[in-house]
Asker: 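Following this message is one structure expressed as structure tokens.
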Amino acid sequence: MPLLSEVIAALENLWPAERAESWDAVGTVVGDPGQEVTRVLFAVDPVQEIVDEAVKLGADLLVTHHPLYLRGTTTVAATHFKGRVVHTLIKNDIALHVAHTNADTADPGVSDALAGALDLRVVRPLVPDPADPSGRRGLGRICELDHPLPLREFAEKAAARLPATAQGIRVAGDPEAIVRTVAVSGGSGDSLFDQVRAAGVDAFLTADLRHHPTAEFMAAGTQSPLALLDAAHWATEWPWCELAATQLDEISDRHGWDLRVHVSKTVTDPWTAHAASPLTPAGAPN
């Protein structure tokens with residue numbers, strides 16, 4: 001069985017920490033480099049529910065996309081929910097490793113996995129990494145559909161292909177507009193509106209779209225309409241867990257490690273229910 005240090009070295013080769021944003025908190029949070037690893041669990045969020053799942057599974061390593069302590073802390077006391085996570089991990093000899101923005105821009109990365117879940121053909125990064133001479137790394141992806149679809153049908157396909165959440169898919173744009181090209185970015189994406197507009201695509205699928213940036217983006221595109229699809233943050237990033245697990249499986253096979261690699265199917269999206277508005281003529285209530 002490999003040591004944790006060997007598995008982490010392999011993960012760092014996939015997602016080097018130096019490619020993370022300066023504000024990010026990636027890498028190994030908890031773990032003894034000398035401990036053996038036999039079972040690994042991938043998940044989006046390092047929350048108690050996922051840690052309990054890792055304990056039940058008998059995992060030695062939990063790899064998550066989201067950091068546990070993004071803004072730092074002065075305590076890991078179990079009186080706080082993040083402290084309880086740390087205590088549970090240590091008590092059960094489970095290491096925690098985070099790959100966040102360094103996985104977003106990787107080749108393949110979070111947006112490649114999102115595109116794959118939607119059956120989109122990746123053409124190039126939305127925001128290329130200038131340090132990558134191959135032009136394959138970067139934030140987001142510009143994609144093509146094999147068969148153009150009306151926006152309404154593309155949104156329905158996205159809702160069916162991505163993990164089910166209370167939110168589903170919100171859409172801004174003409175439901176009958178034809179979608180041939182799509183930009184995708186896993187996680188929060190309204191900071192990329194300028195790059196999306198410059199890419200000349202028909203639609204942009206991402207998460208966490210806010211009212212004012214979205215309204216301004218749509219108003220500014222009256223001459224060249226561009227649709228927006230807003231999915232749940234967790235749902236747009238979960239496909240990366242399957243991609244990452246497959247990558248580690250391949251590494252394990254090459255090294256003869258015989259790791260058992262799992263992907264959590266626990267939904268950690270914070271929204272738990274959705275009540276749809278009744279279909280009525282447009283306009284505010286009296």
Side-chain angles (χ1 to χ4, degrees), residues 1-20 24-47 49-68 85-86 88-117 122 125 129 131-134 136-138 141 163 186 237-266 268:
M1 290 297 106
L3 300 179
L4 175 63
S5 59
E6 295 176 294
V7 179
I8 295 302
L11 299 182
E12 286 284 358
N13 189 54
L14 292 174
W15 316 298
E18 60 267 22
R19 292 183 188 155
D24 206 358
V26 301
T28 304
V29 181
V30 170
D32 177 355
Q35 74 183 72
E36 289 188 342
V37 176
T38 60
R39 199 180 295 266
V40 182
L41 178 65
F42 282 86
V44 174
D45 297 302
V47 294
E49 190 174 8
I50 295 297
V51 173
D52 290 343
E53 181 179 345
V55 173
K56 184 176 180 180
L57 184 66
D60 309 291
L61 171 61
L62 171 62
V63 181
T64 65
H65 183 52
H66 288 154
L68 178 63
V85 163
V86 172
T88 304
L89 290 168
I90 293 175
K91 285 180 178 179
N92 291 277
D93 292 323
I94 302 172
L96 171 63
H97 186 81
V98 173
H100 192 210
T101 53
N102 49 334
D104 286 335
T105 58
D107 170 35
V110 171
S111 292
D112 292 290
L114 174 58
V122 173
D129 179 352
D132 177 23
S134 71
R136 296 176 61 87
R137 291 200 311 265
R141 295 293 184 267
E237 294 180 331
W238 184 85
W240 171 80
C241 295
E242 291 196 319
L243 169 64
T246 298
Q247 289 176 287
L248 183 56
D249 264 331
E250 292 170 352
I251 293 169
S252 175
D253 288 344
R254 286 203 306 270
H255 290 281
W257 286 346
D258 194 28
L259 287 179
R260 297 181 181 180
V261 183
H262 305 262
V263 175
S264 173
K265 292 181 170 56
T266 301
T268 54

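If you're wondering where the values come from, they're calculated on a predicted model, not measured in any experiment. By convention here, the first residue in the shown sequence is residue 1.
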Asker: Which heavy atom of Gly31 sits nearest a heavy atom of Ala95, and at what distance?
Answerer: CA-CB, 3.8 Å
Asker: Any sub-3.5 Å donor-acceptor pair from Asp24's side-chain atoms to Thr101's backbone N or O?
Answerer: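 The answer is yes, because a donor-acceptor pair under 3.5 Å joins these two groups.
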Asker: Donor-acceptor pair, distance only, cut-off 3.5 Å: does the side chain of Glu237 make one with the backbone of His65?
Answerer: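 Judged by distance alone, no pair lies under 3.5 Å.
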Asker: Do the non-hydrogen side-chain atoms of Gln247 and Phe42 ever get within less than 4.5 Å of each other?
Answerer: no
Asker: Heavy atoms, side chains only, cut-off 4.5 Å: are Leu96 and Thr64 in contact?
Answerer: yes
Asker: Under the side-chain contact (heavy atoms from CB on, under 4.5 Å) rule, what do Val98 and Leu68 come out as? Steps first, then yes or no, please.
Answerer: CA-CA 8 Å; Val98 173; Leu68 178 63; 5.6 Å; no
Asker: Under the salt bridge (charged side-chain N to carboxylate O under 4.0 Å, His left out) rule, collect the residues that match up with Asp249, sequence neighbours excluded.
Answerer: none
Asker: Is there a side-chain contact between Val44 and Cys241, using heavy atoms and a 4.5 Å cut-off?
Answerer: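 Result yes, sub-4.5 Å side-chain heavy-atom pair found.
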Asker: Between Asp112 and Gly109, is there a donor-acceptor pair closer than 3.5 Å when you use the side chain of the first and the backbone of the second?
Answerer: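 Present.
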Asker: What closest approach, in Å, do Leu3 and Gly34 show between heavy atoms, and which atom pair accounts for it?
Answerer: CD2-O, 3.3 Å
Asker: With distance as the sole criterion, is a donor-acceptor pair present between the side chains of Ser264 and Glu53 under 3.5 Å?
Answerer: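 Looking only at side-chain atoms, Glu53 and Ser264 do form a donor-acceptor pair, the distance falling under 3.5 Å.
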Asker: Could you tell me whether Arg39 atom CZ has more than 12 heavy atoms of other residues or ligands within 6.0 Å of it?
Answerer: yes
Asker: Is any side-chain heavy atom of Val261 less than 4.5 Å from a side-chain heavy atom of Ser252?
Answerer: no
Asker: So, for Ala43 and Ile50, which heavy atoms are closest and what is the spacing to 0.1 Å?
Answerer: CB-CG2, 3.6 Å
Asker: Would Val55 and Thr88 count as a side-chain contact (heavy atoms from CB on, under 4.5 Å) if you check the C-alpha gap in whole Å, the side-chain angles of each, and the deciding distance to 0.1 Å?
Answerer: CA-CA 8 Å; Val55 173; Thr88 304; 3.9 Å; yes
Asker: Quick one: closest heavy-atom pair of Trp15 and Ala106, and the distance?
Answerer: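 Looks like CD1-CB, 3.8 Å.
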Asker: Please report the closest heavy-atom contact between Leu114 and Gly186, naming both atoms and the distance.
Answerer: CD2-N, 3.8 Å
Asker: Looking only at heavy atoms, what is the nearest atom pair of Pro67 and Pro46, with distance?
Answerer: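 Scanning both residues completely, I find the closest heavy atoms to be O-CG, 3.7 Å.
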Asker: For the pair Asn92 (side chain) and Ile94 (backbone), establish whether a donor and an acceptor sit closer than 3.5 Å, ignoring hydrogens and angles.
Answerer: no
Asker: Determine, step by step, whether Asp60 and Glu36 satisfy the side-chain contact (heavy atoms from CB on, under 4.5 Å) criterion, reporting the C-alpha distance in whole Å, the side-chain angles of both residues, the deciding distance to 0.1 Å, and the verdict.
Answerer: CA-CA 8 Å; Asp60 309 291; Glu36 289 188 342; over 6 Å; no
Asker: How long is the straight-line distance from NE2 of His262 back to CG of Leu41, given to the nearest 0.5 Å?
Answerer: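 Nearest 0.5 Å value for the CG-NE2 distance: 7.5 Å.
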Asker: Please name the residue in the list Arg19, Arg136, Arg141, Arg137 that meets the salt bridge (charged side-chain N to carboxylate O under 4.0 Å, His left out) test with Asp107.
Answerer: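 Passing option: Arg136.
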Asker: For Val110, does its backbone N or O pair with a side-chain atom of Asp104 as donor and acceptor, under 3.5 Å?
Answerer: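 Not confirmed, Asp104 side chain does not pair with Val110 backbone.
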Asker: Side-chain contact test, heavy atoms from C-beta onward, threshold under 4.5 Å: evaluate it for Leu61 versus Leu248 and give yes or no.
Answerer: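 Result no, sub-4.5 Å side-chain heavy-atom pair not found.
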Asker: Angle class for the His100/His66 ring planes (parallel below 30°, perpendicular above 60°, tilted otherwise)?
Answerer: perpendicular
Asker: Just so I know, are the side chains of Asp258 and Met1 near enough to count as touching, which here means a heavy-atom distance under 4.5 Å?
Answerer: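 Sidechains of Met1 and Asp258: in contact.
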Asker: Could you tell me whether the side chain of Trp238 reaches within less than 4.5 Å of the side chain of Val263, counting heavy atoms only?
Answerer: yes
Asker: Report yes or no: do His255 and Glu6 form a side-chain donor-acceptor pair below 3.5 Å?
Answerer: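 The answer is no; no qualifying pair exists.
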Asker: State, yes or no, whether a side-chain contact exists between Leu14 and Ile251 at a heavy-atom distance under 4.5 Å.
Answerer: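 Leu14 reaches Ile251 side chain to side chain.
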